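In what follows, a single structure is set out as structure tokens and then discussed.
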Number of protein chains: 2
Amino acid sequence: MANKNFTTLFSESLDQSDLSAKQQAVLRASLELFSQKGFDRTSTRDIADRAAVSEGTVYKQFKTKDGILKAILEPFIHQVLPKAVTEFIVDMSQSTTPTIDEFLEIAVKNRMQFALDNRQQLRILLQEITRDANLVSLISKEAVNIINSPLGNFIRKYQEDGQLVDWPLQRIIQYIFGTVLTYLLPKVLAGGELDIDKASKETVEFVMGGLKPTK
Amino acid sequence: MANKNFTTLFSESLDQSDLSAKQQAVLRASLELFSQKGFDRTSTRDIADRAAVSEGTVYKQFKTKDGILKAILEPFIHQVLPKAVTEFIVDMSQSTTPTIDEFLEIAVKNRMQFALDNRQQLRILLQEITRDANLVSLISKEAVNIINSPLGNFIRKYQEDGQLVDWPLQRIIQYIFGTVLTYLLPKVLAGGELDIDKASKETVEFVMGGLKPTK
DNA sequence: ATTTAATAAGTGACCACTCACTCATTATTA
DNA sequence: TAATAATGAGTGAGTGGTCACTTATTAAAT
């Protein structure tokens with residue numbers, strides 16, 4: 001167990017049920033501190049103090065400080081994020097074929113709840129992504145998976161119905177993700193309460209409206 | 001001079017003509033290093049080495065490491081950025097009233113050249129903005145200035161002509177800036193060569209197209 | 001000659017990380 | 001069952017190194 005690296009440990013299971021209490025404590029403390037102060041400005045002593053363990057225990061559980069960051073971000077990118085997309089698709093395919101507007105509104109609402117549930121991870125990701133090229137490539141790979149997933153078929157269906165502009169899949173996903181990122185994420189990351197229904201309605205109006213008057 | 005803080009020093013003049021050779025060397029080295037490695041991972045020794053001065057000289061010119069960051073970002077936010085917007089407006093008001101598409105394309109093209117010219121500052125700004133709430137409020141204040149500037153009148157004109165959706169000014173600016181940020185900035189920051197004409201045409205199409213088919 | 005600029009060699013603080021050791025629990029032996 | 005041995009998670013005082021920043025000294029400029 002000691003010589004097993006933690007990427008492996010986490011890709012085996014995300015549900016954290018086979019993580020020891022100490023490991024969970026260290027990860028929870030790190031998540032809070034990295035999210036609040038940033039990775040560089042959080043010391044391993046800070047982590048140990050907040051987790052109420054010794055610094056030695058931190059290093060018993062995680063070989064390096066970078067290892068803790070990996071243990072937080074990799075499962076988030078590889079499992080939590082794709083899982084959120086998958087669940088959304090299941091929801092959608094169970095509903096009676098909605099319009100693209102209804103589709104988008106549910107999509108945004110789901111993404112928003114997901115973002116709220118993962119505020120801290122998203123904050124860390126956004127901070128570290130600017131200086132770790134490896135993170136960018138990790139996310140790109142997951143984006144390809146999403147494009148090749150049932151979500152792709154769903155979008156193609158709306159294109160055939162003429163409800164959606166005939167852009168390449170990748171570009172549409174970039175547009176949706178990008179706009180949601182620009183419009184919604186700052187509100188989510190700001191903290192505090194948020195009216196999900198209202199905010200997702202506004203976002204859809206924002207995304208769909210474009211700039212040209214519809215009259 | 002030693003007890004004058006550098007925010008003041010820089011707001012007096014940006015053209016750097018009354019900066020000493022050493023000051024310019026330190027700032028140029030810091031700009032490169034902060035942009036490449038990030039602020040936290042750049043040491044004052046690194047800066048001194050690249051600037052080919054001693055560490056003492058760095059501290060003779062700038063009281064603190066934070067002071068160097070301020071000396072780079074504050075004039076960028078308060079002078080370079082607003083100046084770019086102003087110049088763009090002057091260009092536009094000299095041309096014969098164009099359509100909103102032509103307007104946007106020139107706008108994007110100008111913003112892009114500006115972004116290319118200030119790649120390093122933008123990289124630093126994006127890295128630091130996630131952990132310095134003060135930077136966010138600085139930029140917000142400048143955004144208000146821009147909204148209240150002649151650019152506001154220009155946008156209102158297009159709204160009266162019915163060429164532009166009747167959203168509040170702030171929202172339109174947020175949309176344009178946000179979309180350009182999402183679509184264009186990653187390409188600019190990636191480094192390497194970039195076909196400005198092609199990229200700005202694509203961006204306008206991206207921004208104006210929206211998601212609904214135009215047929 | 002006097003002020004200013006520049007330097008090299010510090011300084012204490014803090015960093016990530018280690019290691020010799022403790023001690024509670026479990027396995028083995030008598 | 002009782003005594004002993006083995007195990008390994010947990011500890012915290014280090015360790016060497018790096019950090020931002022200072023200071024005593026020298027060089028340059030006026």
Side-chain angles (χ1 to χ4, degrees), chain A residues 1-7 9 16-34 36-73 124 127-128 131-132, chain B residues 1-7 9 16-34 36-73 124 127-128 131-132:
Chain A
M1 186 76 106
N3 54 2
K4 172 188 283 185
N5 80 11
F6 296 91
T7 303
L9 195 156
Q16 306 205 347
S17 58
D18 59 27
L19 290 182
S20 72
K22 301 287 177 186
Q23 283 175 322
Q24 287 184 38
V26 169
L27 284 185
R28 205 175 302 119
S30 302
L31 186 62
E32 288 168 11
L33 290 167
F34 292 167
Q36 283 166 20
K37 314 202 301 173
F39 178 79
D40 282 338
R41 292 175 191 185
T42 299
S43 70
T44 50
R45 182 164 298 262
D46 286 342
I47 295 171
D49 286 350
R50 173 154 321 195
V53 299
S54 74
E55 214 176 339
T57 299
V58 172
Y59 279 91
K60 194 107 189 164
Q61 308 294 345
F62 301 91
K63 277 196 237 176
T64 62
K65 192 188 170 193
D66 275 324
I68 300 176
L69 184 64
K70 270 185 121 177
I72 289 172
L73 288 186
I124 296 172
Q127 267 189 33
E128 295 309 314
R131 34 185 181 184
D132 187 351
Chain B
M1 185 77 106
N3 54 2
K4 172 187 283 186
N5 81 10
F6 296 91
T7 303
L9 195 155
Q16 308 206 345
S17 59
D18 60 28
L19 291 181
S20 71
K22 301 284 178 186
Q23 284 176 322
Q24 287 184 38
V26 169
L27 283 185
R28 204 175 303 121
S30 302
L31 186 62
E32 289 168 10
L33 289 167
F34 291 168
Q36 283 166 18
K37 313 202 301 173
F39 179 78
D40 281 338
R41 294 176 189 183
T42 299
S43 71
T44 49
R45 183 165 298 261
D46 286 342
I47 295 171
D49 287 350
R50 174 154 322 195
V53 298
S54 74
E55 212 175 340
T57 298
V58 171
Y59 278 91
K60 186 103 194 167
Q61 308 295 346
F62 300 92
K63 277 198 241 175
T64 62
K65 192 188 170 192
D66 276 324
I68 301 176
L69 184 65
K70 269 185 125 178
I72 289 172
L73 287 187
I124 297 171
Q127 269 189 32
E128 295 308 314
R131 32 185 183 187
D132 187 351

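Please read these numbers as outputs of a predicted model, since none were measured by experiment. Lettering of chains follows the sequences in order, A, B, ..., and the numbering in each one begins at 1.
- In this structure, OH on B/Y59 lies 7.5 Å from CD1 on B/I47, to the nearest 0.5 angstrom.
- Contact between B/A51 and B/A25 at its shortest, heavy atoms only, is CB-O, 3.6 Å.
- For B/F62 and D/dA20, the CZ to C1' distance is 16 Å, given to the nearest whole Å.
- Taking atom CG of residue B/D40 and atom C1' of nucleotide D/dT18, one finds them 14 Å apart after rounding to whole Å.
- The CD atom of A/E55 lies 3.5 Å from the OG1 atom of A/T44; values are rounded to the nearest 0.5 Å.
- Residues passing the side chain to side chain contact (heavy atoms under 4.5 Å, CB included) test with B/D49 are B/R45, sequence neighbours excluded.
- A distance of 7.0 Å separates NZ in A/K65 from OG in A/S43, rounded to the nearest 0.5 Å.
- The phosphate of D/dA20 has OP1 or OP2 within less than 4.0 Å of a side-chain N or O from B/K65.
- Rounding to whole angstrom units, CZ of residue B/F34 and C1' of D/dA20 are separated by 12 Å.
- When the salt bridge (Lys or Arg N to Asp or Glu O under 4.0 Å) test is applied to B/D46, the partners found at least two apart in sequence or on another chain are B/K37.
- Under the side chain to side chain donor-acceptor pair (under 3.5 Å) criterion, A/T57 pairs with A/S54, sequence neighbours left out.
- A straight line from CD of A/Q61 to C1' of D/dA9 spans 8 Å, rounded to a whole angstrom.
- Interface residues of residues 42-57 of chain B facing DNA chain C, ordered by number: B/R45, B/V53, B/S54, B/G56, B/T57; criterion, heavy-atom separation under 4.0 Å.
- With sequence neighbours left out, A/T42 forms a side chain to side chain donor-acceptor pair (under 3.5 Å) with no residue at all.
- Taking CZ of B/R28 as the reference point, atom CD of B/Q23 lies at 12.0 Å (rounded to 0.5 Å).
- An angle of 10°, rounded to 10°, separates the two end axes of the helix from C/dA1-D/dT30 to C/dA30-D/dT1, each defined over five pairs.
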*Go through A/D40 and B/F39 one step at a time and tell me if the side chain to side chain contact (heavy atoms under 4.5 Å, CB included) criterion holds.*
CA-CA 10 Å; A/D40 282 338; B/F39 179 78; over 6 Å; no
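- Rounding to the nearest 0.5 angstrom, the gap separating the CG atom in B/L73 from the CD atom in B/E128 is 7.5 Å.
- Chain B approaches DNA chain C over the interval C/dA5 to C/dG10, counting the first and last nucleotide 5' to 3' with an atom under 4.0 Å from its heavy atoms.
- Between the CD1 atom of A/I68 and the CG atom of A/L31 there is a distance of 11.5 Å, given to the nearest 0.5 Å.
- Residues meeting the side chain to side chain donor-acceptor pair (under 3.5 Å) test with A/Q36, sequence neighbours left out: none.
- Separating the CZ atom of B/R41 from the C1' atom of D/dA20 is a distance of 18 Å, rounded to the nearest angstrom.
- With rounding to whole Å, A/K60 atom NZ is found 11 Å from D/dT7 atom C1'.
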Between the protein and nucleotides 24-30 of chain D, which nitrogen or oxygen pairs come in under 3.5 angstrom?
none

